[in-house]
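Heads up: the structure comes next, in structure tokens.
Throughout, numbering of the chain's residues begins at 1 and tracks the sequence.
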Amino acid sequence: MINKTLFFTYFYLFVYILLSSGVILYNKWVLSPKYFNFPLPITLTMIHMGFSGAVAFFLVRVFKVVSPVKMTFEIYATCVIPISAFFASSLWFGNTAYLHISVAFIQMLKALMPVATFLVAVICGTDKARCDVFFNMLLVSVGVVISSYGEIHFNVVGTVYQVTGIFAEALRLVLTQVLLQKKGLSLNPITSLYYIAPCSFVFLFVPWFLLEKPVMEVSQIQFNFWIFFSNALCALALNFSIFLVIGRTGAVTIRVAGVLKDWILIALSTVIFPESAITWLNIIGYAIALCGVVMYNYIKVRDVRASQSPAEIIPDRMTKEWKFEKRSSDLYVPDNVSNNGGSGGGNGSLSDMNFDEEAPLISSSRVSHIGRMQLANHATGK
């Protein structure tokens, strides 16, 4: 008989992979001129942010599922606003890339996420330059270059948009560590959306007003309420499924699931979107990049475990069960802050983590030290 806990763990992993792949393919279908033909990525992202912020507001203020954190104006101005700005930028650029390049190629480019995060973390002083990590980053970069060279429909504009979005996401991750964690502030998925989604909506409004509003006024853009509602709902569900997976599994399982999701997504995209054919050079390059990512993940998981004491490791299974707590328990001092004076030092810091870029936003949460490491590869609208 299958263990109940094991069953739910694999079930949550399945739901995460299904939702993450579905959101990406759904967004591509909506934005692509060849299908639904809604070539307005900023508008789509604003719909996601508005919907997520509204749902979070009702969960926090009306239904009181969780309590808001003790947010001061100083924290909001110095932490939430800059994080929201980079978050909105990563969503904007990442979604725009769908207009120019294929889903398969986008997933291959996303292998650069650890490279971007590592470089930004080193520049910001939250991580240290290391030879072993540098070799992995070089391997990833070479693999991505080979994949790009083998891309049939290579588009410079789309590639620049996607890479820019990746670096914007990397900046957001490092800012989350430097700004929020130093203040001992932790946001679960609901409170993250409650504070950051409305602010991101405002940041997106400016480029929307300048770039897409004039297009909507002169073009016959079709709008289907149910399509956009279901699209935003899937993105919101993905955000919560990620948190369930984090609470049920450790870093190794999460990262393996992310790699598996990428391969499944690449295969599905070639079936659903026949124009996004992949070549053997694509596959070889991505395999090389993936080797670098796997080695990087192994080093980071090893570092996290090495930094733990035996007393922390033993009760780890007991800490993986997570429940919403109906009180202001989101305010806490994370392990890496108390141990390292606010600097991750390369061991389990947010700058080491890979976030699923399709989910709205996940910040460090009240789960185990390994569970706080986020899923590989990005944001509600991507």
Side-chain angles (χ1 to χ4, degrees), residues 12 15-16 19 23 45-88 90-91 172-173 175-177 179-205 228-248 321-334 350 355-367 371-372 374-375 378-381:
Y12 291 147
V15 171
Y16 155 68
L19 285 173
V23 168
T45 307
M46 288 178 67
I47 292 172
H48 289 174
M49 290 293 94
F51 179 77
S52 299
V55 171
F57 175 82
F58 278 99
L59 291 176
V60 173
R61 292 298 182 182
V62 179
F63 299 106
K64 301 188 184 300
V65 175
V66 293
S67 299
V69 301
K70 297 177 181 178
M71 182 70 65
T72 64
F73 176 80
E74 186 266 337
I75 293 178
Y76 192 86
T78 59
C79 298
V80 174
I81 290 180
I83 289 172
S84 300
F86 283 108
F87 181 49
S90 69
L91 295 176
R172 181 183 73 84
L173 299 187
L175 275 179
T176 301
Q177 176 192 2
L179 299 179
L180 286 184
Q181 287 199 349
K182 276 191 174 182
K183 297 181 183 296
L185 185 68
S186 174
L187 303 176
N188 63 46
I190 296 178
T191 51
S192 295
L193 294 174
Y194 177 74
Y195 291 109
I196 295 179
C199 190
S200 296
F201 182 93
V202 173
F203 276 108
L204 290 167
F205 180 83
F228 289 103
F229 174 76
S230 60
N231 183 263
L233 191 63
C234 288
L236 184 66
L238 171 62
N239 190 60
F240 294 135
S241 73
I242 291 175
F243 199 67
L244 288 174
V245 171
I246 292 173
R248 286 276 180 173
E321 297 292 335
W322 177 88
K323 296 180 180 179
F324 282 120
E325 297 185 42
K326 197 174 179 182
R327 55 189 175 87
S328 293
S329 57
D330 297 316
L331 192 62
Y332 81 116
V333 179
L350 273 172
F355 285 58
D356 192 300
E357 300 180 2
E358 316 316 319
L361 179 67
I362 296 286
S363 298
S364 60
S365 51
R366 286 176 55 84
V367 291
R372 279 196 295 269
Q374 310 297 329
L375 298 175
H378 154 344
T380 174

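In this pair, Phe58 and Phe63 present their aromatic rings tilted. The plane angle is within the 30 to 60° band.
Atom CD1 of Ile83 is separated from atom OG1 of Thr78 by 9.0 Å, given to the nearest 0.5 angstrom. To the nearest 0.5 Å, atoms CD1 (Ile196) and OH (Tyr76) are separated by 8.5 Å. To the nearest 0.5 angstrom, Phe201 atom CZ is 12.5 Å from His48 atom NE2. Rounded to the nearest 0.5 Å, atoms CD1 (Ile47) and CG (Asn231) are 8.0 Å apart.
The minimum heavy-atom distance linking Lys70 with Ile75 is given by the pair O-CD1, 4.3 Å. Across Pro82 and Leu175, no two heavy atoms sit closer than the pair O-CD1, 4.1 Å.
Counting heavy atoms from C-beta outward, Ile190 and Val60 have side chains that approach closer than 4.5 Å. When side chains are defined from C-beta on, Ser84 does not count as touching Ile81, because their heavy atoms never get closer than 4.5 Å. Phe86 places none of its side-chain heavy atoms less than 4.5 Å from the side chain of Leu173. Side chains of Phe87 and Cys199 form no contact here, defined as non-hydrogen atoms less than 4.5 Å apart. Between Leu193 and Leu236, the closest side-chain pair of non-hydrogen atoms falls below 4.5 Å.
Here the side chain of Tyr195 pairs no donor or acceptor atom with the backbone of Met71 at under 3.5 angstrom. Remark: the backbone N or O of Met49 is not paired with any side-chain donor or acceptor of Ser52 at under 3.5 angstrom.
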